[in-house]
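The structure appears right after this line, and notes come after that.
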Amino acid sequence: MNQSKYIKDILKRFGMAECKTRATPSELKCDLTPDGEQTDQRKYREMLGSLIYIMTCTRPDISWIVSKLSQHMSDPREKHMTALKHVYRYLQGTVNYELSYEKCDNKLELMGYSDADWANDILDRKSTTGYCFSLSQNGAVVSWKTRKQQTVSLSTCEAEYVALAATIQEALYLSQLLQDMDHTFEQTVRVFEDNQGTIRLAKNPVNRQRSKHVDIKYHFIRSNILQGLISCFPLPRPSQLTGATLNQFSGLEVAGQLLLTEIRCEKTY
């Protein structure tokens with residue numbers, strides 16, 4: 001699955017058909033604070049709306065930066081427009097990237113990957129949740145999301161725990177959907193998490209003093225683990241999804257390459 005024609009169309013529409021390419025969706029230390037000169041709000045919304053459509057359908061690798069840019073849709077500044085054009089330059093160089101779904105001999109196995117970028121928003125210090133799911137170990141993702149958390153987390157463990165809660169909600173939905181399509185599908189969903197404290201907190205029903213600030217609603221994670229619906233595992237290093245060590249990346253700065261996928265690339269020169 002790819003949207004190469006649509007990407008070429010919007011590059012032409014916004015006058016970037018001959019622009020220089022970029023290797024990543026955003027700069028590593030991307031400054032998106034709401035200051036500086038204002039930019040054309042209508043054009044910004046049109047360009048961002050096109051990216052949201054691409055991100056939702058076939059390009060999880062731009063999920064993080066599109067989520068961040070969407071937070072400034074009401075009052076965009078020049079720096080936001082610059083970051084937005086950076087994404088278009090990245091798409092120019094990866095126009096033929098695609099999600100490749102192939103038939104496999106093994107039984108389908110729903111597995112997910114959960115991560116959080118703790119207190120990455122310098123304005124309100126809220127964290128960012130990111131997750132993805134695939135139906136085989138080396139298959140392309142079938143579901144993904146990057147979203148700003150609604151509350152401020154007081155620790156990395158709490159941010160990861162909130163992200164894990166969102167991941168498990170999606171896991172239960174996908175599991176039920178698969179059971180509706182195939183009544184023989186019945187298995188425990190494996191969810192990989194890179195924070196050992198979060199995994200221990202999810203499995204251990206004892207409340208510790210340092211974890212009491214975690215909201216009660218997120219403890220539904222434990223009930224699903226005890227029922228055998230979900231099973232949490234440490235994230236393998238190096239990741240078998242990306243084929244590269246996670247230490248090469250920072251948080252969710254390059255969301256698609258960190259946790260979102262195996263996107264097969266067939267470049268044409």
Side-chain angles (χ1 to χ4, degrees), residues 1-17 19 21-27 30-34 38-99 113 115-117 120-121 123-124 126-134 140-150 163 166-167 169-170 173-174 251-261 263 265:
M1 293 175 57
N2 68 72
Q3 291 176 284
S4 57
K5 183 181 184 303
Y6 180 76
I7 293 174
K8 292 176 182 177
D9 288 344
I10 62 173
L11 285 170
K12 183 178 180 180
R13 174 185 173 187
F14 296 115
M16 300 188 67
C19 66
T21 62
R22 292 290 184 269
T24 59
S26 71
E27 298 290 349
C30 189
D31 178 19
L32 295 178
T33 51
Q38 291 185 325
T39 188
D40 188 337
Q41 189 176 97
R42 180 175 179 178
K43 183 178 180 180
Y44 182 86
R45 290 181 175 181
E46 289 178 351
M47 294 180 69
L48 185 57
S50 298
L51 290 184
I52 291 174
Y53 174 61
I54 296 172
M55 173 203 71
T56 303
C57 296
T58 61
R59 295 299 295 267
D61 51 334
I62 63 173
S63 179
W64 182 87
I65 186 60
V66 171
S67 174
K68 298 294 289 185
L69 292 172
S70 298
Q71 298 169 23
H72 304 280
M73 194 174 292
S74 62
D75 186 22
R77 304 302 174 103
E78 281 296 333
K79 62 172 62 176
H80 302 139
M81 180 63 79
T82 300
L84 184 59
K85 290 182 178 180
H86 185 109
V87 183
Y88 274 80
R89 292 188 177 95
Y90 169 72
L91 292 177
Q92 171 79 315
T94 60
V95 66
N96 291 315
Y97 275 24
E98 62 183 9
L99 292 174
Y113 294 81
D115 198 8
D117 193 0
N120 68 317
D121 194 316
L123 295 178
D124 55 18
K126 290 183 179 179
S127 307
T128 300
T129 291
Y131 63 74
C132 68
F133 287 88
S134 65
V141 293
V142 296
S143 176
W144 59 87
K145 177 173 284 188
T146 303
R147 183 179 182 181
K148 187 177 182 179
Q149 295 181 3
Q150 299 299 311
T167 305
Q169 285 179 322
E170 182 70 6
Y173 165 73
L174 292 175
L252 297 177
E253 302 266 342
V254 189
Q257 296 171 356
L258 172 61
L259 59 91
L260 291 182
T261 118
I263 294 186
C265 169

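The model shown is predicted, which means the values in this text are computed figures rather than measured ones.
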message = Around atom CZ of Arg147, are there more than 12 heavy atoms from other residues, nucleotides or ligands closer than 6.0 Å?
response = no
ask   = More than 12 foreign heavy atoms under 6.0 Å from NZ of Lys85: is that the case here?
value = no
A side-chain contact here means heavy atoms from C-beta on lying under 4.5 Å apart; do [X] and [Y] qualify?
X      : Y      : value
Gln3   : Cys57  : yes
Leu174 : Glu170 : yes
His86  : Pro25  : no
Met73  : Gln41  : no
Arg59  : Leu51  : no
Tyr131 : Asp115 : no
Ile54  : Ile10  : yes
Asn2   : Val95  : no

message = With salt bridge (charged side-chain N to carboxylate O under 4.0 Å, His left out) as the criterion, how do Asp9 and Lys5 come out once you've worked through the C-alpha distance, each side chain's angles and the decisive distance to 0.1 Å?
response = CA-CA 6 Å; Asp9 288 344; Lys5 183 181 184 303; 3.2 Å; yes
Reference residue Met81; test side chain to side chain contact (heavy atoms under 4.5 Å, CB included); the match among Leu48, Thr39, Leu69 =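 Only one of Leu48, Thr39, Leu69 forms a side chain to side chain contact (heavy atoms under 4.5 Å, CB included) with Met81, namely Thr39.
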Nearest 0.5 Å, what's the [atom1]-[atom2] distance between [X] and [Y]?
X      : Y      : atom1 : atom2 : answer
Thr128 : Asp121 : OG1   : CG    : 7.0 Å
Tyr88  : Phe14  : OH    : CZ    : 4.5 Å
Ser70  : Arg45  : OG    : CZ    : 11.5 Å
Leu91  : Ile62  : CG    : CD1   : 5.0 Å
Thr24  : Tyr90  : OG1   : OH    : 8.0 Å
Ser67  : Ile52  : OG    : CD1   : 9.0 Å

Side-chain donor-acceptor pair present, [X], [Y], cut-off under 3.5 Å:
X      : Y      : value
Arg77  : Thr33  : no
Glu98  : Thr58  : no
Asp117 : Ser127 : no

request  = Apply the test side chain to side chain contact (heavy atoms under 4.5 Å, CB included) to residues Phe133 and Thr167: give CA-CA distance (whole Å), side-chain angles for both, the deciding distance (0.1 Å), then the verdict.
outcome  = CA-CA 9 Å; Phe133 287 88; Thr167 305; 3.6 Å; yes
key: CA sep, side-chain torsions, deciding dist, call: Leu11, Met16, side chain to side chain contact (heavy atoms under 4.5 Å, CB included)   = CA-CA 5 Å; Leu11 285 170; Met16 300 188 67; 4.1 Å; yes
query = Taking it one step at a time, do Asp61 and Trp144 satisfy side chain to side chain contact (heavy atoms under 4.5 Å, CB included)?
reply = CA-CA 10 Å; Asp61 51 334; Trp144 59 87; over 6 Å; no
query = Between Ser134 and Ala140, what is the shortest heavy-atom contact and its length?
reply = CB-O, 3.6 Å
Centroid-centroid distance, Tyr6 to Tyr53, less than 6.0 Å = yes
inquiry  = Under a 4.0 Å threshold between the charged nitrogen and the carboxylate oxygen, would Lys148 count as salt-bridged to Asp124?
reply    = yes
message = With a 4.0 Å cut-off on N to O distance, would you call Asp40 and Arg42 a salt bridge?
response = no
inquiry  = side chain to side chain donor-acceptor pair (under 3.5 Å) for Gln149 and Thr129? Distances and angles first, verdict last.
reply    = CA-CA 6 Å; Gln149 295 181 3; Thr129 291; 2.9 Å; yes
inquiry  = Which label fits His80 and His72: parallel for a plane angle under 30°, tilted from 30 to 60°, or perpendicular past 60°?
reply    =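 The rings of His80 and His72 lie parallel, inter-plane angle below 30°.
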task = Would you sort out whether Ser50 and Arg13 count as a side chain to side chain contact (heavy atoms under 4.5 Å, CB included), showing the intermediate values?
result = CA-CA 11 Å; Ser50 298; Arg13 174 185 173 187; 4.2 Å; yes
